[in-house]
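For clarity, every value in this text was computed on a predicted model and none was experimentally measured. Chain naming here is simple, since letters A, B, ... match the order of the sequence lines and numbering starts at 1 in each.
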Amino acid sequence: MRTTDSMTNILAITKREFFGYFGSAVAYVFIVIFLMLLGFFTFYISNFFEMGQADLQGFFQWHPWIFLFLIPAVAMRLWAEERRMGTIELILTFPITVWEAILGKFLAAWAFIGIALALTFPLVITAAYLGNPDLGAIFCSYVGSFLMAGAFLSVGIMTSSFTRSQVVSFIIAIVICLFFILAGFPPVIKALSGWSPAWLVDLVSYLSFLTHFMSIERGVLDLRDIVYYVSVIAFMLFINGVVIQNRRTA
Amino acid sequence: MIEIRNLAKKFGTKTAVDDVSFKVEKGEILGFLGPNAAGKSTTMRMITGFIPPTSGTAVIGGHDILTESIPARRKIGYLPENAPVYPDMTVFDYLAFCAEIRGFRGGKRSRAVEETLEKCFLTDVKRQTINTLSKGFRQRVCFAQAILHDPEYLILDEPTDGLDPNQKHEVRLMIKEMAARKAIILSTHILDEMDAVCTRAIIISRGRIVADDAPANLKTRSNLHGAVSLTLQGGDPEAFVAKAARIDGVASAKILEKEDDAAKVRIFPKAPDAALLNTILVALSESDCRASDVFVEQGRLDEVFRRITS
């Protein structure tokens with residue numbers, strides 16, 4: 001009984017947030033920019049056609065960097081807007097728990113990003129038409145990209161709960177996400193391994209979104225990578241809940 | 001019944017609400033009155049579970065808001081200060097969302113929404129986006145959200161704030177109409193509203209309850225209660241006042257203002273319920289003044305309010 005109640009509460013929040021994206025221009029602007037940027041990087045920077053290879057490596061490698069800027073923009077309104085408008089007072093006095101509200105919001109934004117990601121399908125068709133790509137690896141990369149998007153999003157929704165200003169939330173989210181990317185960025189790893197012990201290098205790179213994404217991208221959906229992303233998401237959402245429950249005012 | 005037990009809230013070292021206790025039964029409309037920053041909104045936010053109290057608790061229909069928060073919140077309808085609503089939703093979608101959160105499904109949900117739209121006179125605007133509506137309508141939309149699930153307990157934080165006199169009247173009518181079946185707490189700093197709507201008034205100041213009584217009883221605490229005010233034309237008002245002051249049972253009499261021919265005079269009794277009017281009228285007929293206006297003061301809430309909160 002209690003769990004079905006929870007499910008319906010989460011679903012109600014998710015529905016509202018999800019259609020909220022499409023109710024305003026945000027959704028369309030986001031999707032257009034997302035697709036244009038990805039297209040630009042894939043075709044002009046990675047030279048998708050000239051590579052002569054029917055894989056999507058040159059496509060997926062840009063995802064972390066585009067997510068870095070776009071996902072905090074999707075997430076920034078989730079709590080900050082509620083706080084600014086005072087509607088947080090309604091949502092937190094409804095007969096639902098903080099966790100249901102957080103999960104509902106998170107799932108809505110995640111589903112939205114999932115749709116944007118799914119809209120990149122013409123590229124898969126192109127690759128399949130031109131050559132013989134490893135569809136299994138492409139599928140894995142999509143799953144990895146989606147999981148990574150969830151991790152970015154969980155950071156964004158957490159920073160959104162800190163403040164009533166969307167801009168502040170956006171900037172803090174970018175800084176935190178940048179850290180999570182750079183920790184696994186090869187130049188950083190190289191610089192680090194010059195002077196620090198191997199275990200520290202491993203630890204830092206293990207913390208990175210990038211390391212795990214690259215490992216999934218190779219076509220292996222390792223349970224450890226999935227566990228990593230799920231725990232990052234759970235941790236960020238937990239902080240979000242603590243912040244919301246301990247705020248002093250609206 | 002809503003029972004507030006020793007509720008207190010501290011923000012850092014500042015005490016916003018200090019040991020507030022009271023009970024509200026069904027059928028009562030409790031007016032929560034106080035100057036700005038007296039702790040009205042903070043108290044209401046604690047009762048509705050929005051912010052946790054530093055100590056004490058509120059029990060709503062047998063459910064403690066701290067330990068059984070969800071069942072307690074199910075029984076409450078809450079209109080927060082400034083009536084927050086989601087501006088980019090239509091009125092209908094917004095209420096449908098609230099209904100879903102409140103556990104209404106399918107046909108029940110649309111019926112609950114339609115009924116509430118009708119009750120709050122919102123049927124005409126139900127397809128409009130909320131940000132195209134005026135302040136009065138938004139207030140009503142948020143009010144609609146509070147009564148949608150026909151809650152046993154209504155907590156309304158300044159329900160008429162920012163409305164024009166007609167809209168205020170409408171909201172008051174709605175509140176009065178529902179009062180018989182519900183316990184209602186409403187906060188306000190408008191004293192007329194108190195008089196017009198509430199069956200009981202609690203005045204709080206600096207986080208403490210300083211008065212808890214029916215509005216009519218509160219008025220009797222006024223210095224003015226039972227005083228006789230007259231407007232005199234012509235004659236010698238000074239002589240009349242001197243004479244009136246000597247009447248048995250009169251504490252004092254004075255001229256409030258004098259203008260050309262007319263003078264405003266007020267006579268204060270020693271005890272508020274002394275029947276002075278007759279003797280004063282006799283004295284008046286013996287003087288050379290003519291009265292254009294005679295009025296026995298009921299006492300004024302604003303004066304009581306100012307005296308006990310400042």
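- Around atom CD of Q245(A), more than 12 heavy atoms belonging to other residues, nucleotides or ligands sit under 6.0 Å away.
- R74(B) places no side-chain N or O within 3.5 Å of a backbone atom of P95(A) that could act as its donor or acceptor partner.
- Taking T116(B) as the reference, nothing meets the side-chain hydrogen bond (donor to acceptor under 3.5 Å, both in side chains) condition, with sequence neighbours excluded.
- Judged as a side chain to side chain donor-acceptor pair (under 3.5 Å), the pairs with a partner in residues 51-60 of chain B (not counting sequence neighbours) are, in order, T57(B)-D64(B).
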Might you work through the side-chain contact (heavy atoms from CB on, under 4.5 Å) test for Y86(B) and E81(A), ending with a clear yes or no? CA-CA 10 Å; Y86(B) 294 111; E81(A) 186 75 350; over 6 Å; no
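- Both the backbone and the side chain of I13(A) come within contact range of chain B, each with at least one heavy atom under 4.5 Å from a heavy atom of that chain.
- The contact list for residues 96-105 of chain B toward chain A, using heavy atoms and a distance under 4.5 Å, reads F97(B), C98(B), E100(B), I101(B), R102(B), R105(B) by residue number.
- Open room surrounds CZ on F179(A); 12 or fewer heavy atoms of other groups in view lie less than 6.0 Å from it.
- Put simply, of D88(B), V85(B), D93(B), N82(B), the one with the most heavy-atom pairs under 4.5 Å next to chain A is V85(B).
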Test E81(B) against E89(A) for side-chain contact (heavy atoms from CB on, under 4.5 Å), laying out the working first. CA-CA 9 Å; E81(B) 204 178 1; E89(A) 199 163 346; 5.7 Å; no
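- F22(A) CZ: more than 12 foreign heavy atoms inside a 6.0 Å radius.
- For the atom pair CD1 of I51(B) and OG1 of T93(A), the computed distance is 12.0 Å after rounding to the nearest 0.5 Å.
- Residue K135(B) qualifies as enclosed at atom NZ: its count of foreign heavy atoms under 6.0 Å is above 12.
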With side-chain contact (heavy atoms from CB on, under 4.5 Å) as the criterion, how do I88(A) and F50(B) come out once you've worked through the C-alpha distance, each side chain's angles and the decisive distance to 0.1 Å? CA-CA 9 Å; I88(A) 190 172; F50(B) 178 57; 4.1 Å; yes
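- Residues of residues 123-130 of chain B lying within less than 4.5 angstrom of chain A, judged on heavy atoms, are absent.
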